[in-house]
Amino acid sequence: FGIVQARTLPDITRPMHWWRLHRDLIPKLSAEAVVLSGAQPLTLFAVGGVAGIAAVGTLRAAQVLMNALNIVTQGIRLSAVPAATRVVRRSPGALVRVCFVIGAGLALVSLGWTAVLILMPYSWGQELLGDTWASARELILPVGLATAAGSFQVGGHIGLRALAAARQSLVARSVGSIAVLVCGVLGAVVADAPGAAWGLALGAGIGALAWWRQLIAGRRHHDSIIDPQG
């Protein structure tokens, strides 16, 4: 359908050209994708092994209420990377400020949505989650804080993608994933589902710090390449 609509044929030689052009980024970004896809289920399996299936169900129920924000966040992340790349070309010094505005804005939206869920009438929650709402309601605040921290991370992610800083991005993703796993499991050991939720919030906060630290390091490395005497 795309061929018919565009009235053109794809150039099958372009993918190989793209791979050669970006071959230095592909291994690190592929490793990051593996870490990303494996971290969340591994964390849930570990929490389930410590606190039981019911704890995982309660935790997932609270997370489901945040899924609408995840869709918005992913959309902004995908559309903001090309814009941030143009910022790097025009004014590299402005990149961190732009990414901070994006990350902080998404975090504020997440906190606002969390407040809405906390203040939502009990009957509405039952309509959404049924009997699970009684236990999931207690986890809204820590899960909301974890979501806000994850949203703030997006600013750092956008900046590192714009800089093509694959190594720093992999480091940030690995640190954040390990922090979420360790803190989530330790929280589950201490206080089951509520402890796991607060542990995930702490791990997400550590991950946010890792992303922003790597963004600043990546920008300095970029500046040193542009201006070796700077």
Q.
Looking at every heavy atom in both A188 and V50, which two are closest together, and how far apart are they?
A. C-CG1, 3.9 Å

Q) Looking only at atom types and distance, does a side-chain atom of S37 sit under 3.5 Å from a main-chain N or O of V34, one as donor and one as acceptor? A) yes

Q.
Please give me the minimum heavy-atom distance between I158 and A84, naming the atom from each residue.
A. CG2-CB, 3.7 Å

Q.
Is it the case that over 12 heavy atoms from other parts of the model lie below 6.0 angstrom from the CZ atom of R60?
A. yes

Q. Which pairs, with at least one residue in residues 10-30 and sequence neighbours excluded, count as a salt bridge (Lys or Arg N to Asp or Glu O under 4.0 Å)?
A. none

Q) How long is the gap from CG on L170 to CG on L36, to the nearest 0.5 Å? A) 11.5 Å

Q: Heavy atoms only: give me the nearest L44-V56 pair and the separation to one decimal.
A: O-CG2, 3.6 Å

(Q) With salt bridge (Lys or Arg N to Asp or Glu O under 4.0 Å) as the rule and sequence neighbours excluded, what pairs involving residues 99-110 come up? (A) none

Q.
Side chains of T147 and S110 only: does a donor on one sit below 3.5 Å from an acceptor on the other?
A. no

Q: May I have the step-by-step check of side-chain contact (heavy atoms from CB on, under 4.5 Å) for L111 and L145, ending in yes or no?
A: CA-CA 7 Å; L111 292 175; L145 292 176; 3.9 Å; yes

Q. Hey, what do you get for CE (M66) to CD1 (I71), rounding to the nearest 0.5 Å?
A. 14.0 Å

Q | Gap between atom CG of L128 and atom OG1 of T132 - 0.5 Å precision | A | 11.5 Å

Q) When you measure from the side chain of E138 to the backbone N and O of P194, does any donor-acceptor pair fall under 3.5 Å? A) no

**Q.** Considering all heavy atoms, the nearest A61-A136 contact
**A.** CB-CB, 4.0 Å

Q. At what distance, to the nearest 0.5 angstrom, does SG of C99 lie from CH2 of W211?
A. 11.5 Å

(Q) With a sphere of 6.0 Å drawn around CD1 of I12, does it hold more than 12 non-hydrogen atoms of other residues, nucleotides or ligands? (A) no

Q) A62 and I140: which non-hydrogen atoms are nearest, and at how many Å? A) CB-CD1, 4.4 Å

(Q) Below 30° counts as parallel, above 60° as perpendicular, anything between as tilted: where do the rings of F100 and W212 land? (A) perpendicular

(Q) Tell me which pairs pass salt bridge (Lys or Arg N to Asp or Glu O under 4.0 Å) where either residue lies in residues 29-53, with sequence neighbours left out. (A) E32-R161, E32-R173

Q.
The criterion is side-chain hydrogen bond (donor to acceptor under 3.5 Å, both in side chains); which residues satisfy it with N67, sequence neighbours excluded?
A. N70

Q) Which ILVMFWY residues can you reach from L25 by hopping between side chains whose heavy atoms are under 4.5 Å apart? A) L29

Q) For the residue pair A146 and A204, what are the closest heavy atoms and their distance? A) O-CB, 3.7 Å

**Q.** Distance (rounded to the nearest 0.5 Å) between L42 CG and L181 CG
**A.** 5.0 Å

Q) To which residues is I26 joined in a hydrophobic cluster, defined by side-chain heavy-atom contacts under 4.5 Å among Ile, Leu, Val, Met, Phe, Trp and Tyr, whether direct or through other members? A) W18, W19

Q.
Taking CH2 in W113 as the centre, count heavy atoms belonging to other residues, nucleotides or ligands within less than 6.0 Å. Is the count above 12?
A. no

Q) What's the spacing between Q74 CD and L69 CG if we round to 0.5 Å? A) 11.5 Å

Q: For the pair T43 (side chain) and A39 (backbone), establish whether a donor and an acceptor sit closer than 3.5 Å, ignoring hydrogens and angles.
A: yes

